[in-house]
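Keep in mind that this is a model prediction, so the values were computed, not measured. Residue numbers run from 1 in the order of the sequence given. What's counted below: heavy atoms across the whole structure, side chains too, no hydrogens, waters or symmetry copies.
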Amino acid sequence: MRTDADAAVSVHRTPRRLGRDKLLLLLGLPGGLALILFHYVPLLGNVIAFQDYQPYLGILESSWTGLTNFSFLVDGNPEFINALINTLVLTLIQTVLVFPVPLVLALLLNSLAGERLKRLLQSVLYLPHFLSWVIVVALFQQMLGNAGMLNTFLVQHDLPIIHIIGVPELFKALITSQAIWKDAGWGTIIFLAALSRIDQELYEASAVDGASGWQRLWNITLPSLRGLFILLLILRLGSSLSVGFEQIILQQGPVGRDASEVLDTWVYNNGILGGNWGMSTAVGLVKGVVGVFLVIGANKLAHVFGERGVYEK
C-alpha cells in the first residue's frame, strides 16, 4: 500500500530523474510535439459534428445545430446503411481471414531450418508493404485485368477469359487478397520477435520426452504467443470500422458504389464532394467512439479469461 512517506520520496526523486534523463527527454521531444500537433490538436475539429459548418465562415462563425448531424443513426439513410453493411462485412472478413495470416507465416518461417532461406523469404514478404496502394492496385490490374497478363495468356491458348477486376461480386475477395499480399509479411515481424524469445530449453525437453512437432507447436509455441495475439486483436478492434480508404476509393469506379461503398468512402463522398461537412464529421466521431468501446470491452473480456490485454486491471 502506498503511504504518504512513499509519495513524498517519489516527489523528491522526480526532479532528480528528470535531470538524469534529460537527453532522452530531449530526443523524445520532437516526437511528442508531433503527436500533440497532428493527433490531439485535430481532435478539436470534431466540433464540426455539432455545427452547420460553412468553410467560408469557419468554426467560430458557423451556426450550432446540436445533434442534427447525427440523424443518420436513426433516419435509415439507404446509402449510409449500404456503407455500414459493406464495412461490417469487410471487418468480419479481415478479422477472420487477414488478421491470422501473419501468425501463420511467422510459424512457417520459424520452422525453416536454413537461416539464409528464412532471411530471403522474409525480405520478399516484407517488400509489398513499402509499395503504395496506387502501385498495388495497378499491379493487380496489370495481372488480373481484362487485358492483363492472365487473360492475355488465356487468349493466346484459346481459353475463355476470366473477369476479376471490376466485378462487384468479386470485389471483397479482391481487396482481401490485396491486403494479405501487401501487409501480411510485414505483420510477421512482431510474431517472429516473440518466437525468438521462447525458451529453447522447453523445445529440447519436450523433444527428449518424445513430443512430436505438432505437440510442441500446440503445447509450447501457441500458448507462448496467445497473449501477443490477443493484444494485437484488441488493438485491431479499435480501427475495425476503417477498412482501407485509399485501396477502395482507387477501385470504386469500375465496380460502383453499391458494392464498394464503406464508411470511409461515404465520409469522403458526402463530406468532401457533397459538402456535408457536419454529417461526415459526425460519422467519423461515431466511428472513433465505437472503436474506443470495442477496445475497452475486448480488454475487459480478456481480463475475464485471465489474459493481460492492452492494460492491466
>> Quick check: do Gln142 and Leu139 have side-chain heavy atoms less than 4.5 Å from each other?
In response: no
> According to the interplanar angle, ranging from 0 to 90°, do the rings of Phe50 and Phe70 count as parallel (below 30°), tilted (30 to 60°) or perpendicular (above 60°)?
Replying inline: tilted
> Same cluster for Val134 and Trp181 if Ile/Leu/Val/Met/Phe/Trp/Tyr side chains link at under 4.5 Å?
Replying inline: yes
Would you mind writing out the side-chain donor-acceptor pairs for residues 83-102 within the sub-3.5 Å range, not counting sequence neighbours?
unit_1: Asn86; atom_1: OD1; unit_2: Lys172; atom_2: NZ; d: 3.4
unit_1: Asn86; atom_1: ND2; unit_2: Asn82; atom_2: O; d: 3.4
unit_1: Asn86; atom_1: ND2; unit_2: Asp258; atom_2: O; d: 3.1
unit_1: Asn86; atom_1: ND2; unit_2: Glu261; atom_2: O; d: 2.9
unit_1: Thr87; atom_1: OG1; unit_2: Ala83; atom_2: O; d: 2.7
unit_1: Thr87; atom_1: OG1; unit_2: Leu263; atom_2: N; d: 2.9
unit_1: Thr91; atom_1: OG1; unit_2: Thr87; atom_2: O; d: 2.8
unit_1: Thr91; atom_1: OG1; unit_2: Ser240; atom_2: O; d: 2.5
unit_1: Gln94; atom_1: OE1; unit_2: Arg236; atom_2: NH2; d: 2.9
unit_1: Thr95; atom_1: OG1; unit_2: Thr91; atom_2: O; d: 2.7

> Do you know which two heavy atoms are closest between Ile234 and Ala302, and how far apart they sit?
Replying inline: CD1-CB, 4.1 Å
>> Are the side chains of Lys287 and Asp264 in contact, using a 4.5 Å heavy-atom criterion?
In response: yes
>> Going by the rule side chain to side chain donor-acceptor pair (under 3.5 Å), which residues pair with Arg119 if we only count those two or more places apart in sequence or in a different chain?
In response: none
> Considering all heavy atoms of both residues, which atom of Ser132 and which atom of Lys182 are nearest to each other, and what is their separation?
Replying inline: C-CE, 4.3 Å
>> Restricting to non-hydrogen atoms, name the atom on Gln51 and the atom on Asn69 that form the minimum distance, rounded to 0.1 Å.
In response: O-ND2, 2.9 Å
Could you give the side-chain donor-acceptor pairs of residues 278-285 under 3.5 Å, partners two or more places apart or in another chain?
unit_1: Ser280; atom_1: OG; unit_2: Val267; atom_2: O; d: 3.2
unit_1: Ser280; atom_1: OG; unit_2: Gly271; atom_2: N; d: 2.9
unit_1: Ser280; atom_1: OG; unit_2: Asn276; atom_2: O; d: 3.1
unit_1: Thr281; atom_1: OG1; unit_2: Trp277; atom_2: O; d: 2.7

>> Assigning hydrophobic clusters by single linkage (Ile, Leu, Val, Met, Phe, Trp, Tyr; side-chain heavy-atom cutoff under 4.5 Å), is Val262 placed with Leu273?
In response: no
> What's in the same ILVMFWY side-chain cluster as Leu127, cut-off under 4.5 Å, chained through other members?
Replying inline: none
> At what distance, to the nearest 0.5 angstrom, does CD1 of Ile165 lie from CG of Leu150?
Replying inline: 10.0 Å
> Applying the 4.5 Å side-chain criterion to the ILVMFWY set and letting contacts propagate, would Met143 and Val167 be lumped into a single cluster?
Replying inline: no
> Could you give all pairs that pass the ring pair (Phe, Tyr, Trp, His ring centres under 6.0 Å) test and reach residues 252-272, with sequence neighbours left out?
Replying inline: Phe80-Trp266, Phe245-Tyr268
> Hey, are Gln251 and Gln141 close enough side-chain-wise for a donor-acceptor pair under 3.5 Å?
Replying inline: no
>> Closer than 3.5 angstrom, by distance alone: can the side chain of Asn299 be matched with the main-chain N or O of Val295 as a donor-acceptor pair?
In response: no
> Are Ile162 and Phe140 linked, directly or through other ILVMFWY residues, by side chains that come within less than 4.5 angstrom of each other?
Replying inline: yes
> Does a side-chain heavy-atom distance below 4.5 Å link Leu217 with Trp214?
Replying inline: yes
> Are Leu117 and Leu107 joined in one hydrophobic group, where the rule is that I, L, V, M, F, W and Y side chains link up if heavy atoms are under 4.5 Å apart?
Replying inline: yes
> Who are the side chain to side chain donor-acceptor pair (under 3.5 Å) partners of Ser63, not counting sequence neighbours?
Replying inline: none
> Are Ile164 and Asn146 side-chain neighbours, meaning at least one heavy-atom pair lies under 4.5 Å?
Replying inline: no
